S.K.: 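Mind having a look at this structure? Questions to follow.
This is a predicted model, so every value here is computed, not measured.
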Amino acid sequence: MKFILGRKLNMTQIYDATGRAIPVTAVAVRGNVITQVRTSEIDGYSALQVGEGSRNPNRINKAQKGHFKDLGSFSSLREFRLDPANAVTAKVGDKIELSNFTVGEIVTVSATSKGKGFQGVVKRHGFHGGPRSHGQKHSEREPGSIGGGLRTHVPVGMRMAGRMGSERITVRNLKVTHIDPEENVMYVSGAIPGRRGTLVEIVSQN
C-alpha cells in the first residue's frame, strides 16, 4: 500500500502524445515522515502516522514536541490504516518519497471541500424554487412545504437550508498523469476537492 500527503496547488492542463488536452490538478508534496507505527497488539489496529510539512516550533505544544522528538515540527498529521495480515516494515523516522509513485498509477484522493457558508435549498440541494408566474411575490427560491399534515415535527433528513461544504470528500479512480521530481509536484487527472493549500491524502489503488 502506497500513500502520501500533499497540498493542492491549482488546476491546469497537460497534453498527451496524441495532442489531447487532459485537465489535471497539481499537488505539491513536502516532507512526509512517519511519526508513529501503530500495531494491533498495542493499539488494537495497524496503521502508520505520517507528519507533513513544517511549522514554527514555537506554535507546537509540549505534548506534540515530545511526540515528534527530533523528527521535526509538522503542520499536519494523518493516519493510514494497514492490513493487519501484512507485516509492517516501516520505522519511525522513515521518509515517504514522491518517487514511490509512477505515471499511470490509479489513486484515491481525499480532502476537505471548500466551505460555502450558510446556503439556501436552491444552491445546497438543487431545488427549482417556486413558479415565476403571477401570484408569486418572494417565493422564487423558497423551499416550499416541509410536510405538514398530521406530523408534529420536522422529519429526520429533511433537506433544508444550512451550512454547505467543508466536508471530507473522496474521489476514486484518478490517474497520476505526470510527476515533476525537481519541484516535488504530482499531477493528478481531473479535479480534487478543496481550495488552494488544502491538505490532500493520496492512496494508490494498485
S.K.: So, the side chain of Asp94 versus the backbone of Ala90: is there a donor-acceptor pair under 3.5 Å, distance only?
M.R.: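 No; zero donor-acceptor contacts below 3.5 Å.
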S.K.: Nearest heavy-atom pair of Leu98 and Val29: which atoms, and what distance?
M.R.: CD1-CG2, 3.9 Å
S.K.: Mind listing the closest non-hydrogen atom pair of Pro193 and Val171 along with its distance?
M.R.: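 Heavy atoms only, the tightest pair is CD-CG2, 3.9 Å.
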S.K.: Any donor-acceptor pair under 3.5 Å linking the side chain of Asp16 with the backbone of Arg20?
M.R.: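 Yes: the side chain of Asp16 pairs with the backbone of Arg20.
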S.K.: Are Ile169 and Val200 connected in a single hydrophobic cluster, I mean Ile/Leu/Val/Met/Phe/Trp/Tyr linked by side-chain heavy atoms less than 4.5 Å apart?
M.R.: yes
S.K.: So which pairs with a foot in residues 118-127 pass side-chain hydrogen bond (donor to acceptor under 3.5 Å, both in side chains), sequence neighbours left out?
M.R.: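 Listed by first then second residue: nothing to list.
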S.K.: State yes or no: do Met164 and Val121 share one hydrophobic cluster built from I, L, V, M, F, W and Y residues joined by side-chain heavy-atom distances below 4.5 Å, directly or via other members?
M.R.: no
S.K.: Do you know the tightest heavy-atom contact between Thr177 and Ser189?
M.R.: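 Closest approach of Thr177 to Ser189, heavy atoms only: CG2-CB, 3.7 Å.
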S.K.: Given the rule that I, L, V, M, F, W and Y join up when any side-chain heavy atoms are under 4.5 Å apart, are Val107 and Leu9 in one cluster?
M.R.: no
S.K.: If the condition is side chain to side chain contact (heavy atoms under 4.5 Å, CB included), which residues does Lys2 pass it with, not counting sequence neighbours?
M.R.: Asn100, Phe101, Glu105, Ser204
S.K.: In Å, rounded to the nearest 0.5 Å, how long is the span from OG1 of Thr25 to CE of Met11?
M.R.: 4.0 Å
S.K.: In terms of hydrophobic clusters joined by side-chain contacts under 4.5 Å, are Ile22 and Val176 together?
M.R.: no
S.K.: Listing request: all ring pair (Phe, Tyr, Trp, His ring centres under 6.0 Å) pairs with a residue in residues 22-72, at least two apart in sequence or in separate chains.
M.R.: Phe68-Phe74
S.K.: Could you tell me which non-hydrogen atom of Met158 sits nearest to which non-hydrogen atom of Val154, and how far apart they are?
M.R.: CB-CG1, 3.8 Å
S.K.: Grab the two heavy atoms, one from Phe118 and one from Ala161, that are nearest each other, plus how far apart they are.
M.R.: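 Looks like CE2-CB, 3.8 Å.
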S.K.: Taking atom CG of Asn173 and atom CD of Gln205, what is their separation to the nearest 0.5 Å?
M.R.: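 It is 5.0 Å, given to the nearest 0.5 Å.
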S.K.: If I compare all heavy atoms of Val92 with all of Gln36, which pair ends up nearest, and what's the gap?
M.R.: CG2-CA, 4.0 Å
S.K.: Apply side chain to side chain contact (heavy atoms under 4.5 Å, CB included) to residues Leu5 and Leu199 and explain how you reach the verdict.
M.R.: CA-CA 7 Å; Leu5 296 174; Leu199 182 67; 4.3 Å; yes
S.K.: Closer than 3.5 angstrom, by distance alone: can the side chain of Lys95 be matched with the main-chain N or O of Gly31 as a donor-acceptor pair?
M.R.: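 Not confirmed, Lys95 side chain does not pair with Gly31 backbone.
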S.K.: For the pair Thr35 (side chain) and Gln49 (backbone), establish whether a donor and an acceptor sit closer than 3.5 Å, ignoring hydrogens and angles.
M.R.: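 Present.
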S.K.: Filter on side-chain hydrogen bond (donor to acceptor under 3.5 Å, both in side chains), then keep only pairs touching residues 50-63, sequence neighbours left out; what's left?
M.R.: Arg7-Glu52, Arg30-Glu52, Glu52-Ser75
S.K.: Val27 vs Val185, test: side chain to side chain contact (heavy atoms under 4.5 Å, CB included). Steps then yes/no.
M.R.: CA-CA 6 Å; Val27 179; Val185 176; 5.9 Å; no
S.K.: Could you please spell out the steps behind the side chain to side chain contact (heavy atoms under 4.5 Å, CB included) verdict for Val109 and Thr170?
M.R.: CA-CA 6 Å; Val109 177; Thr170 298; over 6 Å; no
S.K.: I'd like to check the ring pair (Phe, Tyr, Trp, His ring centres under 6.0 Å) partners of Tyr187; sequence neighbours left out, ordered by chain and number.
M.R.: His178
S.K.: Judged by modelled atom types alone, do Glu167 and Ser113 share a side-chain donor-acceptor pair under 3.5 Å?
M.R.: no
S.K.: Check the hydrophobic clustering (I, L, V, M, F, W, Y; side-chain heavy atoms under 4.5 Å; chains of links allowed) and say if Met1 and Ile96 are grouped together.
M.R.: yes
S.K.: Passes side chain to side chain contact (heavy atoms under 4.5 Å, CB included), Arg38 versus Ser46? Steps please.
M.R.: CA-CA 5 Å; Arg38 296 191 182 273; Ser46 298; over 6 Å; no
S.K.: What residue pairs, at least two apart or across chains, pass ring pair (Phe, Tyr, Trp, His ring centres under 6.0 Å) with a residue in residues 6-43?
M.R.: none
